[in-house]
J.: 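Structure below; questions to follow.
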Amino acid sequence: MNKNDGAAALCGIGIGLVSLMVVLQLPFGTFRESGPAFFPTLLSLALMLVSLFLLGQYVKAKMAEKKREGKEDQKPLLASVHLGPHWMKVILAAAGLVAYAFLLRPVGFLLSTTLTTILFVRLMSPSWKLSFWISILCTIFSYAFFGWLLKNPLPKGIVYFL
Amino acid sequence: MDIFHSLALGFSVAFVPINLLYCFIGVLLGTVVGVLPGLGAPGTMALLLPITYYVNPAGAIMLLAGIYYGCQYGGSTTAILLNIPGEAVSIVTCLDGYQMHKKGRGGAALGISAFGSFFAGTIGVVAVTFLAPTLVEWALQFGPAEYFGLAIMGVTLVSYLSSGSVTKGLMMAILGMLAATMGLDPMMGTPRFAFGSVYLTGGIDIIVLALGMFALNEVFSKIADPPGPGEVIRPPGRFLELLPNRQEWKDSIKPILRGSIIGFLVGILPGGGGVLANVSSYVVEKKVSKHPERFGTGEIAGVAGPESANNGSSAGAFIPLMTLGIPSNVQVAILLGALMLHGITPGPMFMQNRPDVFWGVIASMYIGNVMLLILNLPLIGLFTKIAYVPFYVLTPIIAFITFVSVFLVNNNPYDLLALVVIGVFSFVSKAHGFDAAPFIFGFILEPLVEFNFRQALVISKGHVSFFVSKPLPAMLLAIALIILLSPVLSRPFRSKSS
């Protein structure tokens with residue numbers, strides 16, 4: 001059990017509820033002639049049920065933890081969640097990928113892929129030189145392989161003359 | 001066509017130079033990825049899935065299958081030499097393999113591991129060759145209720161064996177199934193969860209999902225928590241250092257035999273991946289050993305058994321895939337995805353409809369095992385050096401391959417947005433103890449579960465009791481129920497023993 005399992009269970013219940021509300025706008029049908037909402041409804045209900053069970057487990061563990069408060073020699077029942085010391089960088093990486101998705105067509109494959117790869121190398125390595133070379137080599141290789149060799153129509157963007 | 005004629009057809013397909021090359025690339029990549037801690041077989045297979053569009057179906061499956069069983073070989077190298085399991089299946093090998101290395105017998109451990117893997121892999125392929133046709137005949141009698149029961153048992157088993165709690169595994173499996181319902185209804189063609197978007201009407205692409213759940217998740221994990229400098233020990237330099245001595249051979253023969261059988265049997269079970277085979281073999285070896293106290297201190301049986309078991313399991317896993325169309329673990333689920341990408345539906349008719357692919361893949365596994373033995377013994381020292389490639393070079397390259405591959409699937413930038421959402425979801429859920437495997441499993445099996453469930457209800461005129469009126473589906477569903485309830489059922493026994 002983790003300290004955030006309660007929140008995870010509530011998320012599960014929330015997802016189940018939302019999907020149930022969305023899918024019930026479609027015909028459910030009957031057991032004999034099931035409609036498109038039939039199976040997703042069952043899945044949403046199952047998700048909520050399992051999430052409720054997880055919530056129950058969490059509440060039970062939390063109560064047991066409270067009972068044991070003060071007894072420092074015992075191992076805690078609820079473990080902490082660690083996303084990693086540099087988890088903020090993950091947000092930056094994800095934001096970079098979102099920007100890549102939007103820039104790919106207008107800017108072109110070569111430039112946008114090089115910039116995104118530079119971002120990913122820089123997030124892990126302090127060297128600009130290394131970031132630059134890895135990105136350039138990867139992009140040129142992939143462009144040559146997929147664009148020229150396999151004739152994949154990669155977006156050219158502002159480097160339309162290539 | 002009898003088995004030998006079919007196998008001859010398979011070898012004629014596998015020996016086509018281009019297919020031989022794909023098989024070689026697969027086993028080489030698998031070994032390299034197995035050596036590298038991090039990416040793993042599912043991630044690599046997912047990365048290469050888009051490339052298989054350009055390859056013939058038999059070659060594509062040979063390539064991906066080569067990665068799968070090649071990875072089982074490679075994972076042991078870093079486990080023995082650096083105490084770093086390149087793959088989850090090599091964790092058990094670390095226990096005695098690294099201790100053997102510290103005692104100066106790392107070469108022998110690597111040698112036994114390679115020979116054991118070769119033996120178990122070959123035995124497994126022979127068993128697949130002879131058992132698959134029999135199982136196909138049996139599978140032809142399967143109806144919707146049987147398929148539904150089998151798929152439900154598979155999802156339940158994977159949830160149970162996933163690396164978190166059963167509840168969390170089950171939650172992920174249901175979420176995966178719910179994600180798979182996005183798109184068109186399989187029976188009526190009505191869009192579900194599309195919210196008016198043309199992109200969502202097509203559903204989530206399996207390649208985007210697999211890359212997000214495995215490769216991007218791995219990249220995010222490395223960015224958030226970069227690995228520290230590991231302990232570096234010199235890999236064995238000379239070939240002779242790799243050969244086990246006479247006593248070590250004697251001590252390894254029985255564990256290799258037992259490991260091969262255990263691995264193959266566990267591999268057939270849905271959810272029975274290499275890890276379960278590995279652990280089962282280690283437990284058995286420790287139980288039957290005259291010196292169980294030596295396990296964990298550098299006992300060769302603790303390397304020979306588990307290493308054979310994980311290769312036996314990778315061969316066994318092909319049986320349910322090829323005869324029933326049911327994947328028994330994540331890697332095989334990706335193989336199923338690759339077959340579906342090429343318009344091939346694995347199942348009882350696979351052998352009749354596409355004997356070239358069916359027998360070609362089996363024949364390639366014989367060849368692949370020989371290739372792996374030749375690759376692994378002399379090149380172990382070289383492969384080990386790959387493990388020294390700094391993560392800050394390797395990880396961005398993996399990230400690069402991931403996002404470029406995803407874009408190339410449909411040349412659609414929306415796929416990249418879906419990748420980010422899936423990657424972040426996978427990263428956060430993994431940190432909270434929610435394993436990705438049940439999610440992928442649920443996603444892949446959902447169409448099979450839904451279609452057969454609804455079809456069975458149509459046949460039975462809406463009677464749910466139809467699923468328990470036949471012995472096989474009733475038994476499969478009962479097993480699933482027992483697995484689900486096992487944590488609750490075993491509680492009184494656990495409290496008594498404690």
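Both backbone and side-chain heavy atoms feed into the values below; hydrogens, waters and symmetry mates do not. Only a predicted model underlies this, so the values are computations on that prediction, with no experimental measurement involved.
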J.: Taking C-beta and beyond as the side chain, do A:F39 and B:P186 meet within less than 4.5 Å on heavy atoms?
T.: no
J.: With a 4.5 angstrom heavy-atom cut-off, is it the side chain or the backbone of A:L54 that approaches chain B, or both, or neither?
T.: both
J.: Nearest 0.5 Å please: distance from the CD1 atom of B:I174 over to the CG atom of A:L42.
T.: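 That separation rounds to 11.0 Å.
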J.: Heavy atoms, side chains only, cut-off 4.5 Å: are B:E450 and A:L43 in contact?
T.: no
J.: Would you mind checking which part of A:V22 comes under 4.5 Å of any heavy atom in chain B, side chain (CB onward), backbone (N, CA, C, O), both or neither?
T.: side chain
J.: Answer yes or no: are there more than 12 heavy-atom neighbours, outside B:Y199 itself, under 6.0 Å from its atom OH?
T.: yes
J.: Please report whether the ring centroid of A:F120 lies less than 6.0 Å from that of B:F403.
T.: yes
J.: For A:R122, is it the side chain, the backbone, both or neither that has a heavy atom under 4.5 Å from a heavy atom of chain B?
T.: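 Neither the backbone nor the side chain of A:R122 comes within 4.5 Å of chain B.
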J.: What part of B:F195 is in contact with chain A, defined as an atom under 4.5 angstrom from a non-hydrogen atom: side chain, backbone, both or neither?
T.: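 Side chain only.
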J.: With a 4.5 angstrom heavy-atom cut-off, which part of A:L104 approaches chain B: side chain, backbone, both or neither?
T.: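 A:L104 touches chain B through side-chain heavy atoms alone.
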J.: Can you name the nearest heavy-atom pair linking B:L457 to A:F31, along with the distance?
T.: CB-O, 3.3 Å
J.: Name the member of A:L123, A:V98, A:L49 that forms the most heavy-atom pairs with chain B at distances under 4.5 Å.
T.: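 Looking at each of A:L123, A:V98, A:L49 in turn, A:V98 comes out on top.
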J.: Would you call B:P396 and A:M124 a side-chain contact if the rule is heavy atoms closer than 4.5 Å?
T.: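 Of all side-chain heavy-atom pairs linking A:M124 with B:P396, at least one is under 4.5 Å.
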J.: Hey, does A:V121 have a side-chain heavy atom less than 4.5 Å from the side chain of B:Y392?
T.: no
J.: Can B:M171 and A:L47 be said to form a side chain to side chain contact (heavy atoms under 4.5 Å, CB included), step by step?
T.: CA-CA 6 Å; B:M171 251 178 98; A:L47 180 65; 4.2 Å; yes
J.: Nearest 0.5 Å please: distance from the NZ atom of B:K222 over to the NZ atom of A:K89.
T.: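 Reported to 0.5 Å precision, the distance equals 14.5 Å.
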J.: Quick one: closest heavy-atom pair of B:L178 and A:P40, and the distance?
T.: CD1-O, 3.8 Å
J.: Considering only heavy atoms, which portion of B:V406 lies under 4.5 Å from any heavy atom of chain A: side chain, backbone, both, or neither?
T.: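 For B:V406, no heavy atom lies under 4.5 Å from chain A.
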J.: Relative to chain B, which segment of A:T139 carries a heavy atom at a distance below 4.5 Å: side chain, backbone, both, or neither?
T.: both
J.: Strictly by side-chain hydrogen bond (donor to acceptor under 3.5 Å, both in side chains), give each pair with a member in residues 172-191 of chain B just once, sequence neighbours left out.
T.: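 Checked against side-chain hydrogen bond (donor to acceptor under 3.5 Å, both in side chains) - neighbours excluded - the pairs reaching residues 172-191 of chain B are B:D185-B:R192, B:D185-B:R454.
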J.: Taking side chain as everything from C-beta outward and backbone as N, CA, C, O, which of these in B:V458 sits under 4.5 Å from a heavy atom of chain A? Side chain, backbone, both or neither.
T.: both
J.: Given that the side chain runs from C-beta out, which part of A:L97 has a heavy atom under 4.5 Å from chain B: side chain, backbone, both or neither?
T.: both
J.: Would you list the pairs meeting side-chain hydrogen bond (donor to acceptor under 3.5 Å, both in side chains) in which at least one residue belongs to residues 11-23 of chain A, sequence neighbours left out?
T.: A:S19-A:S44
J.: How far apart are the closest heavy atoms of B:P191 and A:L26, and which atoms are they?
T.: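 For B:P191 versus A:L26, the nearest heavy atoms are O-CD1, 3.8 Å.
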J.: So what's closer than 4.5 Å to chain A heavy atoms on B:M188: side chain, backbone, both or neither?
T.: side chain
J.: So do the side chains of B:F400 and A:S142 get within less than 4.5 Å of each other, counting heavy atoms only?
T.: yes
J.: Name the region of B:L216, side chain, backbone, both or neither, that has any atom closer than 4.5 Å to a heavy atom of chain A.
T.: side chain
J.: Closest heavy-atom contact between B:P413 and A:R105?
T.: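 Closest heavy-atom pair between B:P413 and A:R105: CD-NH2, 3.7 Å.
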